[in-house]
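What follows is one structure encoded as structure tokens, with my remarks underneath.
Letters go in sequence order (proteins before strands), and every chain restarts at 1.
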Protein chains: 4
Amino acid sequence: MGNETETRERLLEVAKDEFLELGYEKASMRKICKKAGVTTGALYFFFKDKNDLFAALVRKVADEIKMIIVHHTEKEQAIYVDAKTTSQELIADGIQQGRDFVTYMYANKDVFILLLCKANGSAYENFYDELVDLMEKNTLQFLDHITLADVPENEINPYTMHWLAHLETSSFAQLLTHGLTLEEALIQAEVIAKYLTGGWLEILKK
Amino acid sequence: MGNETETRERLLEVAKDEFLELGYEKASMRKICKKAGVTTGALYFFFKDKNDLFAALVRKVADEIKMIIVHHTEKEQAIYVDAKTTSQELIADGIQQGRDFVTYMYANKDVFILLLCKANGSAYENFYDELVDLMEKNTLQFLDHITLADVPENEINPYTMHWLAHLETSSFAQLLTHGLTLEEALIQAEVIAKYLTGGWLEILKK
Amino acid sequence: MGNETETRERLLEVAKDEFLELGYEKASMRKICKKAGVTTGALYFFFKDKNDLFAALVRKVADEIKMIIVHHTEKEQAIYVDAKTTSQELIADGIQQGRDFVTYMYANKDVFILLLCKANGSAYENFYDELVDLMEKNTLQFLDHITLADVPENEINPYTMHWLAHLETSSFAQLLTHGLTLEEALIQAEVIAKYLTGGWLEILKK
Amino acid sequence: MGNETETRERLLEVAKDEFLELGYEKASMRKICKKAGVTTGALYFFFKDKNDLFAALVRKVADEIKMIIVHHTEKEQAIYVDAKTTSQELIADGIQQGRDFVTYMYANKDVFILLLCKANGSAYENFYDELVDLMEKNTLQFLDHITLADVPENEINPYTMHWLAHLETSSFAQLLTHGLTLEEALIQAEVIAKYLTGGWLEILKK
DNA sequence: GATGAATGAGGGTTCATTCAT
DNA sequence: AATGAATGAACCCTCATTCAT
């Protein structure tokens with residue numbers, strides 16, 4: 001009949017709504033059960049506990065996006081290893097990366113909102129920070145290629161690096177939380193890439 | 001004796017610690033009372049409810065910082081009204097504004113942390129957004145002076161404005177949450193100003 | 001195939017471990033199933049309920065040991081019926097009886113631990129007391145032969161009898177629960193027999 | 001009015017009944033509240049948690065009885081330090097000690113039952129064993145005085161010592177659990193003392 | 001023989017708040 | 001100005017068991 005997994009599916013759907021509306025902590029297991037028309041025991045048959053329920057909604061995408069960023073970093077590493085690039089090329093590349101990221105995000109819109117804004121209290125509450133760390137490594141590499149030895153050292157300190165990774169990450173996250181459509185977001189991705197690259201050039205000026 | 005207000009003071013101090021450590025929602029009124037060596041009745045004599053307790057810690061600074069930003073915007077409005085400025089002057093001005101903001105923030109460090117990071121669930125949970133809105137108006141005006149009619153309209157859309165205000169606000173907020181000292185933060189304020197202005201210039205390019 | 005009973009066997013084995021570790025009440029049917037790699041339905045096919053599962057582990061030995069004690073009592077009855085015995089003979093006999101009991105106990109170590117220490121909450125929670133009652137009848141008979149009419153009546157009251165049966169039973173039970181090896185336990189069985197007989201002689205003194 | 005502490009008192013009384021009837025683990029906080037005509041919040045105002053509620057019933061007596069035993073051991077130590085005693089005197093002393101112990105137990109009958117039989121799962125679940133350990137030290141000392149160098153070493157091994165302490169402790173505990181009146185129990189205390197001493201003499205024989 | 005989804009009551013505990021005194 | 005007892009709903013979670021398939 002297909003009825004077998006229906007309950008699990010329904011629970012996940014209801015849970016997603018509840019988490020999106022209230023956030024992890026304020027979401028109520030009881031309310032989720034009630035809305036799904038199911039007893040608590042049924043919920044706990046499918047999911048070990050509240051955290052597991054949240055993870056079931058989020059795990060796959062959380063893992064994937066991390067891998068995507070890591071792979072992206074590695075690929076760039078390979079390409080640029082023996083070639084010098086112009087800032088125009090870097091901007092173009094940044095734009096493309098941004099568009100890819102946005103596209104993936106929008107294909108998993110709800111999950112990203114859960115991960116970035118509603119995970120407080122769950123095992124994924126540090127997901128945003130982990131993302132920032134990966135972004136930072138990415139940026140670090142970008143820096144290796146753009147700089148030509150003349151970077152004022154006192155300005156590109158570790159904190160600045162971290163801050164910029166934050167900037168980038170939150171820029172993407174906001175597209176989602178402010179309700180832009182995919183088309184609008186893709187356009188903004190270009191603005192972001194341009195802007196952030198422009199900022200770099202300003203900092204790196206002698 | 002002065003004893004009367006002593007209890008209130010002690011409650012506020014303990015509450016600040018509790019909110020800083022746990023955030024508004026997870027903070028416990030009972031624990032606050034216990035740590036202050038006071039009964040719940042006493043707490044509720046001084047403060048109407050949990051929200052009022054939080055507000056008592058935060059209200060004054062929250063109001064002040066908003067007024068400071070508004071005044072700043074108005075003052076700039078008056079100065080630039082009939083003069084054209086170079087981008088160098090704008091950067092210099094941005095730096096000064098940033099330093100002022102940082103200085104005020106650090107003079108009220110704990111309260112700012114409460115407002116920006118620990119207010120979730122309280123009546124101040126939108127404080128960050130309100131700040132962004134004020135910043136946005138500020139930026140909007142900056143734009144009026146820097147542009148000379150040749151801004152590509154499709155890029156400086158309302159969302160971009162909002163996003164940039166976010167960028168700026170969060171840049172300042174992070175100084176605090178990442179534990180920089182005042183001295184470090186002041187230096188970073190310059191980096192931020194430079195970076196953000198650089199981004200602008202890139203966007204405004206034909 | 002032989003496969004049919006395999007599941008049952010595995011369940012029993014796992015259940016024994018679980019009951020031994022946690023006791024009847026805290027043992028979890030779900031955990032037993034999980035450890036056995038079997039669903040709850042399977043468990044309930046073989047065993048009516050939790051109590052039945054416990055009984056399946058324990059029933060045979062519980063019945064046997066009772067019969068052994070009863071038979072022992074009857075046999076002694078027959079032997080001593082018209083003969084007088086010295087206290088030395090009685091001690092020797094007590095020692096032999098103790099060694100027999102210990103040997104049987106150790107041949108069914110786990111089950112005895114379940115019965116004597118882990119049965120609380122199950123249908124066998126009174127097993128220990130039932131054993132004591134049988135021991136008491138046994139002792140009662142010992143008394144018939146050792147006494148020569150001159151027992152101070154106020155001391156050998158029914159309660160004393162019951163108490164002594166407890167003493168003996170728990171003495172044997174402890175060998176098991178304190179982790180003695182069979183060899184050590186057999187040696188202790190002699191100590192127990194000597195001690196308990198010595199106690200008797202002291203009580204029976206005028 | 002005296003009304004203020006009435007609720008706490010009532011809760012303790014009801015809790016005692018519940019624990020006595022069901023034991024620590026199966027006792028239900030909710031049922032205790034209901035029987036006391038009080039909400040759960042009220043119970044948790046007075047008692048931190050289930051364990052604390054149990055401890056409130058039991059703590060004082062548990063501490064006292066341990067101290068009593070320790071003091072007794074120390075006192076004996078002082079008396080016998082340079083005098084040899086006859087076994088008659090030792091028996092007499094054992095009887096007196098037993099009567100004291102029984103008298104104290106019966107003055108706190110319910111609490112002792114809680115401690116010795118109903119504490120499983122609580123912080124006091126090892127109370128019985130702790131008592132045995134204290135008893136063992138006591139017995140150890142008794143041994144020092146009664147022996148005159150001619151004890152067969154292989155028989156008075158550490159395990160035997162522990163076992164005898166168990167024997168003694170459980171003998172006293174049973175008086176309570178079998179519902180003897182104080183008068184009956186005091187008489188039995190003498191039987192116990194005689195019996196246990198008699199057992200010793202038998203073991204110590206060459 | 002065995003699956004696995006589902007029940008539903010119950011577990012201990014925490015919470016912000018109220019109010020008579 | 002402050003006490004402290006009390007509320008009552010809500011929290012997440014576990015349990016032995018059942019039953020259609």
Side-chain angles (χ1 to χ4, degrees), chain A residues 1 3-8 11 25-33 36-53, chain B residues 1 3-8 11 25-33 37-53 121, chain C residues 1 3-8 11 25-33 37-53 121, chain D residues 1 3-8 11 25-33 36-53:
Chain A
M1 215 43 80
N3 194 347
E4 305 119 20
T5 54
E6 209 176 90
T7 302
R8 190 174 188 276
L11 277 167
E25 299 223 273
K26 298 190 102 172
S28 157
M29 296 297 262
R30 281 228 246 295
K31 219 185 293 174
I32 290 171
C33 291
V38 147
T39 58
T40 57
L43 194 163
Y44 280 90
F45 171 76
F46 291 107
F47 308 100
K48 183 175 146 286
D49 55 21
K50 198 181 186 181
N51 237 316
D52 189 43
L53 174 58
Chain B
M1 220 40 83
N3 193 346
E4 307 114 23
T5 55
E6 208 176 273
T7 301
R8 191 175 186 278
L11 276 167
E25 300 223 275
K26 297 189 106 174
S28 156
M29 296 295 262
R30 292 233 286 302
K31 220 184 289 174
I32 290 170
C33 290
V38 147
T39 56
T40 56
L43 194 160
Y44 279 89
F45 173 78
F46 290 110
F47 308 99
K48 179 173 151 289
D49 55 20
K50 197 180 186 180
N51 238 315
D52 189 42
L53 175 59
Chain C
M1 216 44 80
N3 195 348
E4 306 115 24
T5 55
E6 209 175 272
T7 302
R8 191 173 186 279
L11 276 166
E25 300 224 273
K26 298 190 107 175
S28 156
M29 296 294 263
R30 292 233 285 303
K31 219 184 291 173
I32 290 170
C33 290
V38 147
T39 56
T40 56
L43 194 160
Y44 279 89
F45 172 79
F46 290 108
F47 307 100
K48 180 173 151 287
D49 56 21
K50 198 181 186 180
N51 239 314
D52 188 42
L53 175 58
Chain D
M1 225 33 86
N3 194 346
E4 304 118 21
T5 53
E6 207 177 273
T7 301
R8 189 173 189 279
L11 277 167
E25 299 224 272
K26 297 191 103 173
S28 157
M29 295 297 263
R30 282 226 241 294
K31 219 186 291 174
I32 290 170
C33 290
V38 146
T39 57
T40 58
L43 193 162
Y44 278 90
F45 171 76
F46 291 107
F47 308 99
K48 181 174 147 288
D49 55 21
K50 198 181 186 181
N51 238 316
D52 189 43
L53 174 58

- Query: Between A/Asp49 and A/Met29, which heavy-atom pair has the shortest distance, and what is it?
  - Reply: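 Looks like C-CE, 4.0 Å.
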
Nucleotide [N], atom [atom2] - distance to [atom1] of [X] in whole Å:
{"X": "D/Ile32", "N": "E/dT13", "atom1": "CD1", "atom2": "P", "result": "11 Å"}
{"X": "D/Leu43", "N": "F/dG4", "atom1": "CG", "atom2": "P", "result": "19 Å"}
{"X": "C/Phe45", "N": "E/dG4", "atom1": "CZ", "atom2": "C1'", "result": "17 Å"}

- C/Thr39 side chain, from C-beta outward: closest of F/dG4, E/dG4, E/dT7: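 Of all the options, the side chain of C/Thr39 is nearest to E/dG4.
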
- Message: If the condition is side chain to side chain donor-acceptor pair (under 3.5 Å), which residues does D/Lys26 pass it with, not counting sequence neighbours?
- Response: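 Side chain to side chain donor-acceptor pair (under 3.5 Å) check on D/Lys26 returns C/Glu25.
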
- Item | Stems where DNA chain F pairs, listed by first number, each of three or more Watson-Crick or G-U pairs under 3.5 Å |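 When the pairs of DNA chain F are grouped into runs of at least three, the stems are E:2-21 with F:2-21.
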
- Query: What string of B, S and - do you get for nucleotides 14-21 of chain F, 5' to 3', when a contact is any protein heavy atom under 4.0 Å?
  - Reply: BBBBBB--

Quiz: residues 39-48 of chain C side-chain donor-acceptor pairs under 3.5 angstrom, not counting sequence neighbours:
none

